[in-house]
Amino acid sequence: MDPLDQPGRLLPPETEAELLGRAWRLAGRPLSVLAAALRVPVPPDLRRHKGWIGELLELALGSWAGSRAEPDFPELGIELKTVPVGADARPTQSTYVCTANLDGSLAGSWEESRVFEKLACVLWVPIVGDKSSPPGERVVGAPLLWRPEGAELEQLRTDWNEIAELIRGGHLDRLDARVGEALHLRPKAASSRDTTRFLNREGQWVQTGPRGFYLRRTFTEALLARAFG
DNA sequence: AACTGATCATGT
DNA sequence: ACATGATCAGTT
């Protein structure tokens, strides 16, 4: 059944194959078509609707929409990520993964980390269009179900460990976006005035801006290219 | 054009 | 404040 032929709430997919099948059926469609079928208004631009595309795809694929600390498809253990790409299929933005615990509650190892959990299994859905194209005119691309392994997994582990060491060591001065080849840290907040606490090198609690882990554009580009050539 | 820091909306 | 969904926009 075509999800778009059935207006109303879509039940979550019961299997990985069903999810992937749904995603493939959306490929090639403009977002305006998805939005119309789902009765979702299309914003003129994304300035005040930055999460619109991701939320639209959640609805179109049958994810339990919401801000819950769970994968998008809990029964399948799969995380959904839309990724904006140009006509050349190369990502135009980095990808947010999760926030970084700067308050001493960071996981003790890579395997226990939230980054590892989040990236264990990701359904990538490229969204084709350039920055100037209206959201409704952007088109769903070919999906990719991805589990990091081999060199990709090693690179993520290496980067996470390096960043984790800076956090544990209280090296606030070195905690910026230049650290990490695939995974790096960037501000993640509604405002630069937002704060969280951090234990610095002198053992003092200080306030600093919240940070999040992001995948660099180059990393996402490589994993998509490996799958689609 | 890429990179880094800043920001927007919504729900828990 | 932090989780979800990300993109914006200034600088290099």
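Just so it is clear: chains get the letters A, B, ... in the order the sequence lines come, proteins before strands, and each one is counted from 1.
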Looking across every strand, which nucleic acid part, if any, lies under 4.0 Å from [X] by heavy atom: base, sugar-phosphate, or nothing?
| X | value |
| --- | --- |
| A:Asp194 | nothing |
| A:His49 | nothing |
| A:Gly51 | base |
| A:Thr95 | nothing |
| A:Glu79 | sugar-phosphate |
| A:Pro84 | sugar-phosphate |
| A:Thr92 | nothing |
| A:Lys188 | base |
| A:Arg48 | sugar-phosphate |
| A:Arg114 | sugar-phosphate |

- Mapping A:Pro187 and A:Thr99 to their closest nucleotides on DNA chain C, which lands nearer the 5' end?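 Its nucleotide being nearer the 5' end, the pick is A:Thr99.
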
- Message: By nearest heavy atom, map A:Tyr214 and A:Arg193 onto DNA chain C; which one lands nearer the 5' end?
- Response: A:Arg193

Distance below 4.0 Å between [X] side-chain N/O and [N] OP1 or OP2:
| X | N | answer |
| --- | --- | --- |
| A:Thr82 | C:dA6 | yes |
| A:Thr195 | C:dA1 | yes |
| A:Ser191 | B:dA6 | no |
| A:Thr196 | C:dC2 | yes |

Check ion pair [X]-[Y] (N to O, under 4.0 angstrom):
| X | Y | result |
| --- | --- | --- |
| A:Arg114 | A:Glu117 | no |
| A:Arg201 | A:Asp173 | yes |
| A:Glu221 | A:Arg216 | no |

- Message: Of the options C:dC8, C:dG5, B:dT4, whose atoms approach the side-chain atoms of A:Lys118 most closely?
- Response: C:dG5

- Query: Of all the choices, C:dG5, C:dC8, C:dA3, which nucleotide is nearest to the side chain of A:Arg47 once you look at every atom?
  - Reply: C:dC8

In whole angstroms, how far is the [atom2] atom of [N] from the [atom1] atom of [X]?
| X | N | atom1 | atom2 | value |
| --- | --- | --- | --- | --- |
| A:Leu185 | B:dC3 | CG | P | 17 Å |
| A:Arg217 | B:dA2 | CZ | C1' | 6 Å |
| A:Tyr96 | B:dA6 | OH | C1' | 15 Å |
| A:Lys81 | C:dG5 | NZ | C1' | 8 Å |
| A:Asp45 | C:dA9 | CG | P | 9 Å |
| A:Arg211 | B:dG5 | CZ | P | 8 Å |
| A:Leu172 | B:dG5 | CG | C1' | 14 Å |
| A:Glu70 | C:dG5 | CD | C1' | 16 Å |

- Task: Over 60° means perpendicular and under 30° means parallel, so classify the ring planes of A:Trp146 and A:Phe219, tilted if in between.
- Result: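 A:Phe219 and A:Trp146: perpendicular rings.
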
- Message: Please find the pair of heavy atoms, one from A:Trp124 and one from A:Pro126, that lie closest to each other, and give the distance.
- Response: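 So the minimum-distance heavy-atom pair works out to O-CD, 3.7 Å.
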
- With nearest nucleotides of DNA chain B determined for A:Lys50 and A:Arg90 from heavy-atom distances, which residue corresponds to the more 5′ nucleotide?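 On the 5' side of the pair lies A:Arg90.
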
- Query: Does the side chain of A:Lys131 come within less than 4.5 Å of A:Thr92's, by heavy atoms?
  - Reply: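 Heavy-atom side-chain distance check fails, nothing below 4.5 Å.
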
- Message: Taking CD in A:Glu181 as the centre, count heavy atoms belonging to other residues, nucleotides or ligands within less than 6.0 Å. Is the count above 12?
- Response: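 Count not over threshold, so no.
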
